[in-house]
Visitor: 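Quick one: the structure is below, and I'll ask about it shortly.
Heavy-atom basis, side chains included; hydrogens, waters and symmetry copies ignored. Because the structure is predicted, anything quoted here is derived from the model rather than measured. Each chain gets a letter, A, B and so on, in the order its sequence line appears, and its residues count up from 1.
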Amino acid sequence: MVSGRLDSSPGEGHPFPAVNTWGYSQHNPFMAIYESTKRSVYLMTPRLGRHPFLALFDGADANASTPDRAVTTVPTQALFWMNAPLLHEESQAFAGLLLGESDTKARTELAYRTALARRPDDAEIAACRSFVDRYRTGLKATDTPAEQHELLAWAAFARTLFASNEFLYID
Amino acid sequence: MSPFFPSRRQMLRQSAGGLGSLALAGMLGRQSHAAAENPLAPHATHLPAKAKSVIFLYMTGGVSHIESFDHKPKLIADHGKEVTIDNWQGKTGAFKRSLIGPHWGFAPGGKSGIQVSDLFPHTRSIVDDLCVIRSMESDHTNHYEATLEIHTGSFTFARPSIGSWVSYGLGTENQNLPSFVAIAPKSPYAGTQTWGSDFLPGCHQGTHIVPGPIPIANMNRRAAAVDLQSLELEQIAQVNRRHAEARDLDAALEARIRSFETAFGMQSEAPEVFDLSQETAGTLALYGLKPGQTTGFGWQCLVARRMAERGVRFIELIDVGSSSNWDAHGDMKTHEPLAKNVDQAMAALVTDLKQRGMLDETLVVWTTEFGRTPYHTEAGHKGREHHHQAFSSWMAGGGVKAGVSYGSTDDYGIAVAENRMHVHDFHATILHLLGLDHEKLTYRLLA
């Protein structure tokens, strides 16, 4: 949502194959996963499997009554926050929005207001400035195109916000 | 949240006086037990443990017991003879069927002389290291239900997989790798339910590893350089520490901070597990692997040994998926390539573990969801149907008596004759070897 890429429109039908093409059996089960940019409540829930994203983050088991969700914190989830293509795509989309502001202070404020719904304090603005500067410098030693360094540095900052406990936990 | 106003969490904790401090004392008490903080930390066992880890070899589709480990001379002699059976695919009655003798010969292996069919020559050569179980019994004739039962003990409702129970009961030795993995090239009959944690916490679910170049999702670094990723993680840790300091003693926040450190470790440790370049040519040849190969049951078995070495608790290997498997209704000859796919690799696994002195603490289990009928409706039919009333499995290492067979079936391999090993007993035995009492290993779900 904060990257501006969430499609908030209601869900529509899933791209199921035409009924006359079905040849499902226990030997050839229906195992499709349909990706979507809409809210996850509209994801297709397969009975035989679990959407990999919902499986990773303790989505309810569709085969059992789930009055209380399990809450786990495992390294495979952290790997998602660090390396998943989705996170990298969304963080770059978010960075694109931040670059619309002219200076570091304004960008930091927009980032905090959008992701965490609060203003950053002075220490946080300074930490952000230092992080983005160091990241930009570090990018010079990589084979990434120079014209993308500003975007990539802010995308990295965006990821640190998305991965933060403050972003994840409401309290 | 403004630093000047207490959060909901802080409010509950700080303002409730007596009640709050009681709850806090309770939480601190639990925190002193490491498991409360990290559900995957190693736990004490109920009983002395013989095995530390399990490698569970699961053959999809139903391997014929009378053409693998259950030698029935009388079935060979009486081939074509009519018998009347009282249970056909779970239905009771009187059914006339024609006996079908095995399509492969048998020969005794090793000093123990345990009979193994010609489908498994490599396994026969290591039979002195196995405990062959010939009295397995399950409850359902369909693949889906029987697959669930051999994994979860239940063929009706979704339940946690045996690997999830073991992960829950014992935790794991290596926090840089998952506690329970399922290495499967294709989805078996019950899909992810096969290795699902169901009502147990999600951290106990099997991590599905697909043989190939990227076996664990997101395990490869996407940041442009290692030091840039470290910079990101440093920033996350700093922000999270500042956040946690304002919310003292919150185990969930601490656990999440730690999960990033572990994930960073996993990025280097996981690819290392799958990198077979340091294995000797001799080891690769033992498993029947070519250098650089990243698929095949040999790869699965060698990766399983490397995981057991690194402290992964429960490693399940599934040979094939829900089609083109051991389900030989049409022609038993389809067992041949499937046996060839696994035979050398699983014998190599047992041999390799033994040579490295790991077999004593590693329990290797071989099973399938059910056996196949020793008879057919049609005389001389080439195929066999599902047969859950009797089938064979084996165990090796992990404190299991070696070079013996346990239990038996009747003269034709139709029903269990002695020392019945129901799937539930099979699971209880695995847990027992790991030091877990199956009656004490419980999880309070709703109460």
Visitor: Which residue pairs pass the side-chain hydrogen bond (donor to acceptor under 3.5 Å, both in side chains) test with at least one member in residues 217-226 of chain B, sequence neighbours excluded?
Guide: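 Matches after skipping sequence neighbours: none remain.
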
Visitor: How far does NE2 of H151(B) sit from OH of Y189(B), to the nearest 0.5 angstrom?
Guide: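 With rounding to 0.5 Å, NE2 (H151(B)) is 13.0 Å from OH (Y189(B)).
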
Visitor: Can you tell me how far the OG1 atom of T147(B) sits from the CZ atom of F155(B), to the nearest 0.5 Å?
Guide: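 T147(B) OG1 to F155(B) CZ: 13.0 Å, rounded to 0.5 Å.
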
Visitor: Checking D103(A) now: which residues fulfil side-chain contact (heavy atoms from CB on, under 4.5 Å) with it, not counting sequence neighbours?
Guide: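 By the side-chain contact (heavy atoms from CB on, under 4.5 Å) rule, D103(A) matches K105(A), A106(A).
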
Visitor: Considering residues at least two apart in sequence or located in another chain, which fulfil the salt bridge (Lys or Arg N to Asp or Glu O under 4.0 Å) criterion with R242(B)?
Guide: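 Result, salt bridge (Lys or Arg N to Asp or Glu O under 4.0 Å) vs R242(B): D121(A), E124(A).
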
Visitor: Could you walk me through whether L116(A) and S164(A) pass side chain to side chain contact (heavy atoms under 4.5 Å, CB included), step by step?
Guide: CA-CA 10 Å; L116(A) 305 177; S164(A) 72; 4.3 Å; yes

Visitor: What residues of residues 227-237 of chain B sit under 4.5 Å from chain A when only non-hydrogen atoms are counted?
Guide: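 L228(B), Q229(B), L231(B), E232(B), L233(B), E234(B), Q235(B), I236(B) fall under the 4.5 Å cut-off.
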
Visitor: Where does L139(A) contact chain B at under 4.5 Å (heavy atoms): side chain, backbone, both or neither?
Guide: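 For L139(A), heavy atoms of backbone and side chain both lie under 4.5 Å from chain B.
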
